[in-house]
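Just so it is clear, the values below take in all heavy atoms, side chains as well, and ignore hydrogens, waters and symmetry mates. All values derive from a computational prediction rather than experimental measurement. Here is how names work: the chains are called A, B, and so on, in the same order as the sequence lines, proteins then strands, and each is numbered from 1.
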Amino acid sequence: MKYFVTTAIDYTNAAPHIGHAYEKILADVIIRYRRTQGPAFLLIGVDQHGQKVQQAAQKENIAPADFAERVTAQFLSLWERLNIQRDGWAATTDPRHKRAVQKVLQALQDKGELYKAKYSGYYSVRQEQFLTDKERNAEGEFGPEWGEVVLLEEENWYFRLAKHKDWLQNFVRTHPDFVTPAFRQVELLNAIERLSGDLCVSRPRERLSWGIEFPFDHEYVTYVWFDALLNYVTFAGYEADPGSNLPDFADLWPCRAHVIGKDIMVPAHGIYWPIMLHAMGFPDDQMPRLTVHGWWNVEGAKMSKSLGNVVDPAQLADQYGADALRYYLMRDIATGHDADFSIERLLIRYHSDLANGLGNLVNRTINMVQRYHSGLVKKSNTNDPELEAIKAAAGLVLNRYHEAFVQFQPHAALEAVSDLVTQANGLVELKAPWKLAKEPAQSDLLQDVLYTLAETSRLVAALMEPVIPNSAAKILEQLNAADYRELVWGKLPAEHRLGEPTPVFPRFDDR
RNA sequence: GCCAGGGUAGCUCAGUGGUAGAGCAGGGGACUCAUAAGCCCUUGGUCGGGAGUUCAACUCUCCCCCCUGGCACCA
């Protein structure tokens, strides 16, 4: 069994921004942590079908597939740049996905979960969508922004959502861990309460050609969430053909965390998705879990193209490095809540936590070992109470760290690690190795102090690895400890030679 | 409007019936292994407003104000 995590598949109608990056980094950090505990699998992807992609492609007079492919490449190159280590790639135009979606549609049809019905309503020709009363203005009319509005009757396929309402309500009530953080559960229950009516899951081909065809009715394609949500199972190997080169579904499912933004919890992931799975025959103990994150605002305002405050993650990674960006995005927000993005905060975090705290600890430790002990650390069991105290502190930090990850709160894990760094830097002042080095009688204590500092550095680097993989690797390399990554105290051999120190976190100012 | 989250030191946030906390920023000091980093000490808040319950409220109840989000296919 692998610990299975997914992210929302990103819609390929526009370039990625800092919010996309945050979500993928969050998922990547969680999965990297999980890999320290056992097998794990991260699925990331893109949603390439749909009306907006078709329209955007038409504007440039190119095929939807080519347009989607171009934007997809932008996402892929960003994930590369940000060091997102994915195990699977869910691109919804993948023929394997298509086949599996069609199998699901057929199965639902066979079970009587789908039906065809006529809908008549006001339709905006310009926007290519049906309008509801919500679109009416104060005068009760559809405004000029909708262009020509006609009364149109259209036949479509519907999914029987409403009949599973009671089941879902009961499931969410009896599974309070279905949604993290917990306060979202109330919001979800309210939304379920309001649920009425079924879900339209098709569009006639003449109106939307860019989608997956219904296997039993070729005049229609799947629309909106149906195709997209299914990526979580199709790319995990559900209904996969032999030789498809997809994972073993039983090895991954149920998903431990669908990492998504708060905007798509209701109704898609909190209502449509569990009901779809239920209708497909998934038992309650095979239901996935949701991890719902908040948004990054910019100077208090929501990010938007019209405000011109969209933050480009690729540019930030180029300027400050992927690790600096990853660290900031993980440290300065509590999962589920919103936060304000600013370069100033990024630099504060980088300088005070990474350069001054962690980087300096490692650098001074290796320097002292080189200077006072020819680069060799040797454990000598003096049982000095202050050294024992740091060891005990490390134990407490480890507990906090694991607990934080169980709750999908990397910021709390990082806070715990920072506390250990602070204590280790305090220990340096307390023991003053530069003084011990002048007193031959203290050589055992000096050895133990240096071992303790080196071991703390090793442990801290290992703990930081899920968030700042590149920097952690550099630190471990300087400690000559690339093979000692266990998240347990005392894994540095009792006699061990360190490498040469080089600052891992160069400063961005010139003070 | 309904629902939810939030309003605590200059900034970012934690806290929860019993004399207000952390980190960063600001001020002072001792040291020197280190990326002029680190360490120690320290200035700083009528805990959004009002009323109530209580021996005691930032913490519970009620009313109000402000911000954000969801309810409407943007991570």
**OP:** For B/C3 and B/A37, measure between their C1' atoms and round to the nearest Å.
**Re:** 49 Å
Original post:
Given A/Q48, which of A/T72, A/D10, A/T12, A/N13 fulfils the side chain to side chain donor-acceptor pair (under 3.5 Å) condition?
Top reply: A/T72
Original post:
Say you pick atom P in B/C71 and the same atom in B/C40; how far apart are they, in whole Å?
Top reply: 48 Å
Original post:
Just how far is it from atom OG of A/S471 to atom CE of A/M464, taken to the nearest 0.5 Å?
Top reply: 8.5 Å
Original post:
Over how many whole Å does the gap from A/M368 atom CE to B/U35 atom P extend?
Top reply: 12 Å
Subject >> Separation of the C1' atoms in B/U68 and B/C63, to the nearest angstrom >> reply: 22 Å
Original post:
What's the spacing between A/L445 CG and A/S380 OG if we round to 0.5 Å?
Top reply: 8.0 Å
Original post:
Of A/P503 and A/H20, whose closest RNA chain B nucleotide lies nearer the 5' terminus?
Top reply: A/P503
Original post:
Aromatic rings A/W157 and A/F214: how do their planes relate, parallel, tilted or perpendicular, breaks at 30° and 60°?
Top reply: parallel
Original post:
For RNA chain B, which consecutive runs of 3 or more Watson-Crick or G-U pairs (each distance under 3.5 Å) count as stems?
Top reply: B:1-7 with B:65-71, B:10-13 with B:21-24, B:26-29 with B:39-42, B:48-52 with B:60-64
Original post:
When the nearest nucleotide of RNA chain B is assigned to A/V266 and to A/D353 on a heavy-atom basis, which residue is associated with the more 5' position?
Top reply: A/D353
Subject >> Atom C1', compared across B/G50 and B/A9: separation rounded to whole Å >> reply: 24 Å
Subject >> Nucleotide nearest A/A8 (side chain, heavy atoms from C-beta), chosen from B/C74, B/A75, B/U68 >> reply: B/A75
**OP:** Working to the nearest 0.5 Å, report the span between CG of A/L208 and CD of A/Q55.
**Re:** 9.0 Å
Between the protein and nucleotides 28-32 of chain B, are there any N/O to N/O pairs under 3.5 Å, and if so, what are the atom names and distances?
none

Original post:
Base, sugar-phosphate, or nothing for A/D10, non-hydrogen atoms under 4.0 angstrom?
Top reply: sugar-phosphate
Original post:
Given A/R345 and A/D340, is the salt bridge (Lys or Arg N to Asp or Glu O under 4.0 Å) satisfied, shown in steps?
Top reply: CA-CA 9 Å; A/R345 292 281 308 165; A/D340 211 60; over 6 Å; no
Got a list of protein N/O to nucleotides 1-4 of chain B N/O distances below 3.5 Å?
residue : atom : partner : partner atom : Å
B/C3    : O2'  : A/N190  : ND2          : 2.5

Original post:
A/A355 has a side chain; which of B/A75, B/U35, B/A37 sits nearest to it?
Top reply: B/U35
Original post:
Mind checking the P distance from B/C58 to B/G48? Whole angstroms is fine.
Top reply: 10 Å
Subject >> Atom-pair distance (CG on A/L78; P on B/A75), nearest Å >> reply: 14 Å
**OP:** With P as the reference atom in both, quote the distance from B/A25 to B/A20 in angstrom, rounded to an integer.
**Re:** 27 Å
Original post:
How are the rings of A/Y320 and A/F508 set to each other: parallel, tilted or perpendicular (split at 30° and 60°)?
Top reply: perpendicular
Subject >> From A/E455 atom CD to A/L479 atom CG, the distance as rounded to the nearest 0.5 Å >> reply: 9.5 Å
**OP:** Flag yes if more than 12 heavy atoms outside A/E154 fall under 6.0 Å of its CD atom; otherwise flag no.
**Re:** yes
Subject >> Nucleotide nearest A/I348 when distance is taken to its side chain, options B/G38, B/C24, B/U35 >> reply: B/C24
Original post:
Where along residues 412-427 of chain A does a heavy atom come under 4.0 Å from RNA chain B, residue by residue in number order?
Top reply: A/T422, A/N425, A/G426
Original post:
Rounded to the nearest Å, what distance is computed from the CD atom of residue A/Q48 to the P atom of nucleotide B/C73?
Top reply: 22 Å
**OP:** Take the protein atom CG of A/N297 and the nucleotide atom P of B/C74, then report the distance between them rounded to whole Å.
**Re:** 16 Å
Subject >> Atom pair CG (A/L188) and CE (A/M265), whose distance is rounded to the nearest 0.5 Å >> reply: 5.0 Å
**OP:** Decide whether A/T335 and A/H293 meet the rule of one side-chain donor and one side-chain acceptor closer than 3.5 Å.
**Re:** no
Original post:
Taking the C1' atom of each, how far is B/C62 from B/G44, in whole Å?
Top reply: 34 Å
**OP:** Mind checking the CG-CG spacing from A/L463 to A/L358? Nearest 0.5 Å is all I need.
**Re:** 10.5 Å
**OP:** Name the orientation class of the two ring planes belonging to A/H20 and A/F75 (parallel below 30°, tilted from 30 to 60°, perpendicular beyond 60°).
**Re:** perpendicular
**OP:** Rounded off to whole Å, could you give me the CE-to-P distance for the A/M265 and B/G70 pair?
**Re:** 11 Å
Subject >> Neighbour count above 12 (heavy atom, 6.0 Å) for A/E80 CD >> reply: no
Using a cutoff of under 3.5 Å, can you pull out all pairs of nitrogen or oxygen atoms linking the protein to nucleotides 7-15 of chain B, with atom names and distances?
residue : atom : partner : partner atom : Å
B/U12   : O4'  : A/R345  : NH1          : 3.3
B/U12   : O2'  : A/R345  : NH2          : 3.3

Original post:
How far apart are the C-alpha atoms of A/Y328 and A/F341, what are their side-chain angles, what is the distance that settles it, and do they pass the ring-ring contact (aromatic ring centres under 6.0 Å, His included) test?
Top reply: CA-CA 9 Å; A/Y328 169 66; A/F341 182 91; 5.4 Å; yes
Original post:
Taking NE2 from A/H269 and C1' from B/G70, how many angstroms apart are they, rounded to a whole number?
Top reply: 16 Å
Original post:
Between A/R400 and A/E403, does at least one N-O distance fall below 4.0 Å, as a salt bridge requires?
Top reply: no
Original post:
Given A/E193 and A/Q169, is the side-chain hydrogen bond (donor to acceptor under 3.5 Å, both in side chains) satisfied, shown in steps?
Top reply: CA-CA 8 Å; A/E193 192 63 47; A/Q169 213 158 33; 3.0 Å; yes
Original post:
When you compare B/A4 with B/U43, how far apart are their P atoms, in angstrom units rounded to a whole number?
Top reply: 41 Å
Original post:
With a 4.0 Å cut-off on heavy atoms, is A/I366 in touch with a base, just the backbone sugar-phosphate, or nothing at all?
Top reply: nothing
**OP:** Identify, with sequence neighbours excluded, every residue that meets side-chain hydrogen bond (donor to acceptor under 3.5 Å, both in side chains) alongside A/R364.
**Re:** A/N425, A/E429
**OP:** Grab the OH-C1' distance between A/Y22 and B/A75 for me, whole Å please.
**Re:** 10 Å
**OP:** Determine the contact category for A/V504: base if any of its heavy atoms lies under 4.0 Å from a base atom, sugar-phosphate if only primed atoms, P, OP1 or OP2 are that close, otherwise nothing.
**Re:** base
Original post:
Do the side-chain N or O atoms of A/N360 get closer than 4.0 angstrom to the phosphate oxygens (OP1, OP2) of B/U35?
Top reply: no
Subject >> Interatomic distance, A/N363 CG vs B/A37 C1' [rounded to whole Å] >> reply: 9 Å
